[in-house]
Amino acid sequence: MDLFDYMRAGTMKSEAPLASRMRPANLSEIVGQQHILGKDKMLYRAIQADKLGSVIFYGPPGTGKTTIARVIANTTSAEFTQINATSAGKKDMEEVVRQAKDLLGMYGKRTILFVDEIHRFNKGQQDYLLPFVEDGTLILIGATTENPYFEVNGALLSRSLIFELKALGREEIKTLLLRALTDVERGMGAFNGVLEADALEFLADMAGGDARNALNALELGLLTTECGPDGKIHITLETASECIQKKNVRYDKGGDNHYDTISAFIKSMRGSDPDAAVFYLAKMLYAGEDIRFIARRILICASEDVGNADPQALVVAAAAAQAVERVGMPEAQIILSQAVSYVASAPKSNAACNAVFEAMEVVKSVTTTVPAHLQDRHYRGAEKLGRGIGYLYAHDFPEHYVKQQYLPDEIAEKTFYHPTDIGYEQKIAERLQRLRSR
């Protein structure tokens with residue numbers, strides 16, 4: 001490192017954002033993640049003993065994935081190299097591998113490669129790393145906000161331990177805020193700041209489990225607020241609300257939180273809990289989810305889970321889907337709320353849904369022929385072939401019903417639709433029972 005590099009490194013360290021400056025330097029400084037970093041846990045022991053194998057850290061932003069990697073860098077005797085998958089190319093990886101081979105061959109020193117945002121590597125890039133991870137040239141540490149079981153090659157996964165990091169709790173966020181407020185060397189201690197109790201509670205809550213979000217808000221507040229008469233910078237609730245503005249909802253449209261939230265949304269409607277369903281609706285709307293996507297899910301639930309127990313549910317859902325396209329946000333949230341609360345509160349039956357799946361299985365496994373009396377008799381020569389002969393026109397009979405065979409001979413006794421005794425479907429069941437018993 002020359003003089004300019006040294007000066008640049010020093011400047012970057014002092015000018016780095018608060019969240020970066022406050023990164024823990026050792027395991028004892030890490031807040032949270034006790035389910036993997038408790039003193040009795042394997043990861044803690046492996047880091048302390050410098051016996052870490054390849055691992056992948058997976059979790060929401062601001063939970064400490066990069067922090068743990070930095071702690072490992074400060075603890076290990078191995079060479080530690082970091083690349084970011086968003087910018088690294090094959091040449092960068094080739095250089096890392098070349099240096100790792102040299103260190104291992106000449107000094108017996110292993111290399112830890114930390115790949116941030118590892119899910120951004122394509123299959124080819126991940127495949128390139130595989131043999132070097134397998135033969136021990138590299139110890140891989142990957143960090144990702146995406147589910148690694150979807151985004152990382154199975155071969156790499158099988159050679160790595162997966163550790164899921166959880167969103168930080170409110171008390172843990174408060175601990176980090178107070179530490180940053182008073183730390184003179186790395187934090188904002190020199191600003192002589194005071195974080196009022198209600199502002200502390202507010203930031204801890206609004207951070208949404210993301211330590212970076214909370215620390216950024218604290219830093220902004222201290223840098224932009226004038227000193228009070230007592231010579232101190234007071235971060236009030238009003239100041240805190242201006243600095244963080246909007247709660248950080250953990251909801252990535254392409255990631256796990258998206259799928260988890262929509263899953264909870266659908267299951268809440270299916271489970272007849274309108275309060276939970278509306279909550280998840282609000283969460284999706286707040287995070288900017290496509291209202292057309294939400295409307296489609298309501299439509300599916302209205303048919304799949306409500307079905308004929310309340311046929312009106314599908315009508316309401318279809319009307320809502322059409323209305324939100326015409327109206328748009330913000331009024332669309334009112335329409336969606338009406339549809340969600342109706343579908344969630346409606347009686348439930350999946351009999352109609354199951355009927356088509358049962359029929360589909362039969363279609364795939366049994367060869368059938370349409371009964372002759374149901375075949376089309378209007379094309380030339382159809383009558384001579386016996387097409388449509390003997391068909392009974394239902395409207396010519398009492399109640400517009402006449403008993404005759406409609407299913408193919410091969411499955412004549414099959415029953416696919418089994419209506420329940422729930423809601424309107426009870427009436428359907430009673431009518432079918434009466435007609436079938438004739």
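For clarity, every value in this text was computed on a predicted model and none was experimentally measured.
Inter-residue side-chain proximity for Asn153 and Leu130 is flagged as unmet; no heavy-atom pair is nearer than 4.5 Å. Ile83 has its side chain out of reach of Asp116: every pair of non-hydrogen atoms, C-beta onward, lies at least 4.5 Å apart. You'll find the side chain of Thr66 reaches within 4.5 Å of the side chain of Phe114, heavy atoms only. At a threshold of 4.5 Å between non-hydrogen side-chain atoms, the residues Thr76 and Arg110 do not count as touching. In this structure, the side chains of Gln99 and Thr111 stay at 4.5 Å or more apart for every pair of heavy atoms.
One side chain, Tyr417 or Asn308, offers a donor N or O that lies under 3.5 Å from an acceptor on the other.
A salt bridge does not link Glu94 with Lys91: none of the charged nitrogens is closer than 4.0 Å to a carboxylate oxygen. Checked for salt-bridge contact, Glu29 and Arg186 meet the test: a charged N lies under 4.0 Å from a carboxylate O. Of the charged side-chain nitrogens involved, none lies within less than 4.0 Å of a carboxylate oxygen, so that Asp230 and Lys232 do not count as a salt-bridged pair.
Using a distance-only test at 3.5 Å, with no hydrogens or angles considered, a donor-acceptor pair links the side chain of Arg45 to the main chain of Asp40.
Under the rule for a ring pair (Phe, Tyr, Trp, His ring centres under 6.0 Å), Phe279 has no partner lying at least two apart in sequence or in another chain. Among residues two or more places apart in sequence or in another chain, the salt bridge (charged side-chain N to carboxylate O under 4.0 Å, His left out) test is passed with Glu201 by Arg170, Lys174.
Applying salt bridge (charged side-chain N to carboxylate O under 4.0 Å, His left out) to Asp305 and the options Arg270, Arg297, Lys267 leaves one that passes, Arg270.
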Please lay out, stage by stage, how Ser349 and Glu425 fare under the test side-chain hydrogen bond (donor to acceptor under 3.5 Å, both in side chains). CA-CA 8 Å; Ser349 170; Glu425 201 163 44; 2.3 Å; yes
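Within 6.0 Å of CZ on Arg159 lie more than 12 heavy atoms contributed by other residues, nucleotides or ligands.
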